[in-house]
Amino acid sequence: MTAHVTETSGPALVALAAARTAHNYSPLPVVVEHAEGAWMTDVDGRRYLDLLAGYSALNFGHGHPALLRAAHDQLDRLTLTSRAFLHDQFGAFCAELGDLAGKELVLPMNTGAEAVETTIKVARKWGYDVKGVPADSARIVVAAGNFHGRTTTIVGFSDDPDARGGFGPFAPGFVRVPYGDLAALEAALDEHTVAVLLEPIQVESGVVIPPDGYLRGVREACTRENVLFAADEIQSGLGRTGRTFACDHEDVVPDMYVLGKALGGGIVPVSAVVANTDVLGVLHPGQHGSTFGGNPLACAVGRQVVAMLATGEYQERADKLGLRMRERLDALLGKGLVAVRTRGLWAGVDIDPRIGTGRSVCEALMARGVLAKDTHGSTIRLAPPLVIEEADLDWGLDQLAAVVTGG
Ligand SMILES: Cc1ncc(COP(=O)(O)O)c(C=O)c1O
């Protein structure tokens with residue numbers, strides 16, 4: 001018999017989820033019912049400031065009116081055609097996103113992992129068709145500490161034991177080098193290398209920013225060795241760091257931008273690979289695809305995201321609020337925090353182990369009405385929606401200060 005669930009209280013819904021879902025996450029015990037801007041409200045009416053923003057998928061906050069309007073308008077007209085037919089939002093989305101990135105072509109997918117898989121396929125195909133790499137011998141250079149998603153191919157080149165343990169055998173063709181070490185990366189490039197796949201800022205490792213000049217050095221090495229540079233900007237891109245792309249901080253233009261998260265405006269999963277014709281042009285009908293990739297709703301929302309980013313307003317806001325956040329976090333160094341890394345409105349903060357773990361600090365923050373996410377034991381990532389009010393950001397950071405200083 002099918003159960004009709006009548007539970008509505010937070011604790012009951014937490015227990016239900018624990019009992020009836022796979023435990024592939026360990027969420028904080030909060031059950032959100034609605035949200036607006038940077039604020040979420042749980043089923044029991046408690047309000048929380050969102051300092052995670054859906055891992056940057058909610059860069060524009062919850063329920064941004066322009067994004068909701070785009071979604072509603074599209075919902076009433078057309079939601080799905082599959083890629084067997086064109087629809088009126090498809091070409092426009094691809095052209096507008098391509099222009100934002102300064103590239104000719106766009107290949108829309110749904111999730112970030114799919115965009116990364118697409119990148120891998122395109123890079124290999126380019127390697128065989130254009131570079132002349134012998135069949136089935138293409139290699140892609142990746143970085144230690146990477147996080148590019150959860151498919152079997154992708155976790156196969158991760159070095160995180162939780163991500164890969166128990167999921168082999170894995171696809172060959174990947175070489176891992178230390179992140180931020182240009183000499184090691186250069187040494188790994190050879191005639192079989194088709195691409196370097198990197199996050200311009202490593203997120204799961206705790207918002208790790210490579211040394212100045214690293215991305216530029218990678219760009220130069222890739223150009224010199226005839227290797228594609230694919231930048232996974234799924235989390236770092238689209239305004240988060242105070243620029244449209246994190247690569248912009250070093251005036252670096254990769255061959256392939258890998259985008260996701262905020263591209264869907266926090267409404268629908270939208271990802272994309274963005275590159276010029278000499279790269280994405282290697283794909284022909286039947287060689288790659290997705291039923292939902294580039295669907296009308298995704299494209300309508302994605303067009304609005306691109307239009308909002310084209311104003312530069314959100315990048316500027318991330319820059320300005322990011323400086324404020326940096327100042328506030330720096331003041332906590334030696335007072336509960338042992339390290340702070342920021343770029344734009346994005347921070348990785350390392351908690352003094354004497355205070356507690358990342359998780360215990362997130363739990364204490366939750367009790368004070370702030371939601372954030374720990375990573376790798378002692379680190380907390382802060383990625384507030386870019387629309388957050390400065391006073392709210394200050395209040396959220398006051399709560400962090402109180403937790404880590406025992407105030
Ligand atoms: C840098 C990066 N790449 C890829 C992914 C995978 O995206 P998705 O979870 O949408 O598959 C993520 C998700 O956190 C990410 O941060």
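These values consider heavy atoms only, across backbone and side chains, with no hydrogens, waters or symmetry-generated copies. The shown structure was predicted, so the numbers you read here are calculated from the model rather than taken from an experiment. Start at 1 and go down the list; that is how both ligands and their atoms are numbered.
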Would you check, one step at a time, whether the test salt bridge (charged side-chain N to carboxylate O under 4.0 Å, His left out) holds for Arg46 with Asp42?
CA-CA 5 Å; Arg46 270 205 84 193; Asp42 76 5; 5.7 Å; no
Could you check whether the rings of Phe60 and Tyr314 sit parallel, tilted or perpendicular, using 30° and 60° as the cut-offs?
perpendicular
How are the rings of Phe157 and His148 set relative to one another: parallel (under 30°), tilted (30 to 60°) or perpendicular (over 60°)?
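Correct class here is tilted.
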Which protein residues come within less than 4.0 angstrom of ligand 1, counting heavy atoms only?
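Near ligand 1, by chain and number: Thr111, Gly112, Ala113, Phe147, His148, Gly149, Glu199, Val203, Asp232, Ile234, Gln235, Lys261.
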Between Asn110 and Ser271, a side-chain donor and acceptor under 3.5 Å:
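Note: Asn110 and Ser271 side chains miss the donor-acceptor criterion.
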If we count only N and O atoms by modelled type, under 3.5 Å, do the side chains of Ser360 and Glu363 hold a donor and an acceptor together?
no
Please check this pair: side chain of Gln202 against backbone of Ala144, looking for a donor-acceptor N/O pair closer than 3.5 Å.
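At least one qualifying donor-acceptor pair exists.
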